[in-house]
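Here's the structure, in structure tokens; my notes come after.
Below, each value reflects all heavy atoms present in this structure, side chains not excepted, and no hydrogens, waters or symmetry copies.
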Amino acid sequence: MSQPSIAQSTPVNVSDTADAIARAARLRVMIFDVDGVLTDGGLRYGPAGEVIKTFDSLDGHGLKLLAEAGIVTAIITGRQSDIVAKRAADLRVAHVYQGVHDKRAAFEDLCAKLSVTAETCGHIGDDWPDLPVLTRVGFAACPANAHTEVKARCHWMASTRGGEGAVRELCDFILRAQGRYDALLADALA
């Protein structure tokens, strides 16, 4: 088997900023993976075997801003965790799918519940389990440290890593694309 060339392994879609802006402007629903996106992907185990995850507060505020702008937020993740349920509740994320082995089926269920098309949805993911959703949504995004195959299929890539501000960077990008960033900032300054 031959090795892929540099051109084949380099993300091709993330360089078209105008296309990414147009896609983000159409969003009505934004879906988030957890491990490697809302967290740094590290799994820390406590003394009783519980998994400990660290979330970035700036990322969390970004999700709140999307909701204020009328964009529905959702989580689809492969792991089941009380920590994720708590974080989602804190951020008022109403649509949470945990322990999902088939993310495409969860995505289709979400679209049906919300009566939206895939083209009006976005997803940010970092690894192969996210590909079935990333390749179907109208706006596919990833953190800077996503797997190469994910980067190659995304319309937008953060300059920061998962769990370290990538989600907030994404939320700000979406809000700017939809012309809502300045009004939200003005409200914060009032």
Side-chain angles (χ1 to χ4, degrees), residues 7-34 36-38 56 58-76 91 93-95 97 103-104 106-162 164-188:
Q8 289 172 319
S9 63
T10 302
V12 293
N13 296 326
V14 295
S15 64
D16 190 346
T17 304
D19 180 59
I21 291 169
R23 289 171 177 277
R26 293 190 295 263
L27 286 182
R28 298 296 162 254
V29 178
M30 189 63 207
I31 305 161
F32 300 85
D33 179 32
V34 175
V37 174
L38 287 170
D56 185 286
L58 291 174
D59 288 350
H61 191 68
L63 269 74
K64 289 179 181 179
L65 291 171
L66 288 183
E68 283 184 45
I71 298 168
V72 174
T73 56
I75 290 173
I76 300 177
L91 299 174
V93 177
H95 306 281
Y97 295 80
K103 289 190 176 188
R104 177 178 45 191
F107 171 63
E108 290 170 354
D109 181 71
L110 178 66
C111 287
K113 280 182 181 174
L114 298 174
S115 299
V116 296
T117 63
E119 293 77 30
T120 63
C121 295
H123 179 57
I124 179 167
D126 69 318
D127 208 348
W128 289 18
D130 300 304
L131 289 172
V133 179
L134 287 169
T135 57
R136 286 170 173 77
V137 294
F139 178 68
C142 65
N145 59 320
H147 188 277
T148 303
E149 295 298 339
V150 170
K151 289 178 182 179
R153 289 160 176 83
C154 284
H155 307 110
W156 182 89
M157 182 173 63
S159 65
T160 50
R161 299 170 58 87
E164 298 176 8
V167 166
R168 180 55 179 272
E169 188 179 339
L170 169 68
C171 293
D172 289 352
F173 179 82
I174 293 167
L175 293 169
R176 284 187 173 107
Q178 295 197 358
R180 297 176 179 178
Y181 184 91
D182 291 337
L184 289 166
L185 179 59
D187 287 346

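Taking every heavy atom of both residues into account, R136 and A118 meet most closely at O-CB, 3.2 Å. Heavy atoms only, all atoms of each residue included: L63 and T73 are closest at O-CG2, 4.0 Å. Across every non-hydrogen atom of L184 and A69, the tightest pair is CD1-CB, 4.3 Å. Annotation for A166 and A158: closest pair CB-CB, 3.7 Å, computed over non-hydrogen atoms. Closest non-hydrogen pair, G138 versus R23, comes out as O-NH1, 2.6 Å. Among all heavy-atom pairs drawn from E164 and D59, the shortest one is N-OD2, 4.4 Å.
Atom CZ in R153 sits 8.0 Å away from atom OG1 in T135 (nearest 0.5 Å). If you take CZ on F32 and CG on L91, they are separated by 9.5 Å, rounding to the nearest 0.5 Å. Taken to the nearest 0.5 Å, the CZ atom of F107 stands 12.5 Å off from the CG atom of D130. The line from CG of L131 to SG of C154 is 8.0 Å long, rounded to the nearest 0.5 Å. Note that CZ of F139 and CG of D19 are 9.5 Å apart. Values are rounded to the nearest 0.5 Å.
Counting only heavy atoms from C-beta outward, the side chains of E119 and R26 never approach each other to under 4.5 Å. Residues R161 and P143 have side chains not in contact (no heavy-atom distance under 4.5 Å, counting atoms from C-beta outward). In this structure the side chain of L114 reaches within 4.5 angstrom of the side chain of H95, judged on heavy atoms. Counting heavy atoms from C-beta outward, M30 and I124 have side chains that approach closer than 4.5 Å. Residues D33 and D126 meet the side-chain proximity criterion, which asks for heavy atoms closer than 4.5 Å. Using a 4.5 Å heavy-atom cutoff, the side chains of I75 and L38 are in contact.
For the pair K151 (side chain) and N145 (backbone), a donor-acceptor distance under 3.5 Å is absent. Side-chain atoms of H123 never come within 3.5 Å of backbone atoms of L134 as a donor-acceptor pair (strictly under, hydrogens ignored). Remark: side-chain polar atoms of D127 are not paired, donor with acceptor, to backbone N or O of P129 under 3.5 angstrom.
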Under 3.5 Å, side-chain donor or acceptor atoms of residues 171-179 against the rest of the protein: list the pairs with distances, not counting sequence neighbours.
residue: D172; atom: OD1; partner: R168; partner atom: NE; Å: 3.1
residue: R176; atom: NH2; partner: Y181; partner atom: OH; Å: 3.2
residue: Q178; atom: OE1; partner: R180; partner atom: NH1; Å: 3.2
residue: Q178; atom: NE2; partner: A24; partner atom: O; Å: 3.0
residue: Q178; atom: NE2; partner: A25; partner atom: O; Å: 3.4
residue: Q178; atom: NE2; partner: L27; partner atom: O; Å: 2.9

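Residues satisfying the ring-ring contact (aromatic ring centres under 6.0 Å, His included) criterion with H147, sequence neighbours excluded, are W128.
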*What's the verdict on salt bridge (Lys or Arg N to Asp or Glu O under 4.0 Å) for K64 and E68, showing C-alpha distance, side-chain angles and the deciding distance?*
CA-CA 6 Å; K64 289 179 181 179; E68 283 184 45; over 6 Å; no
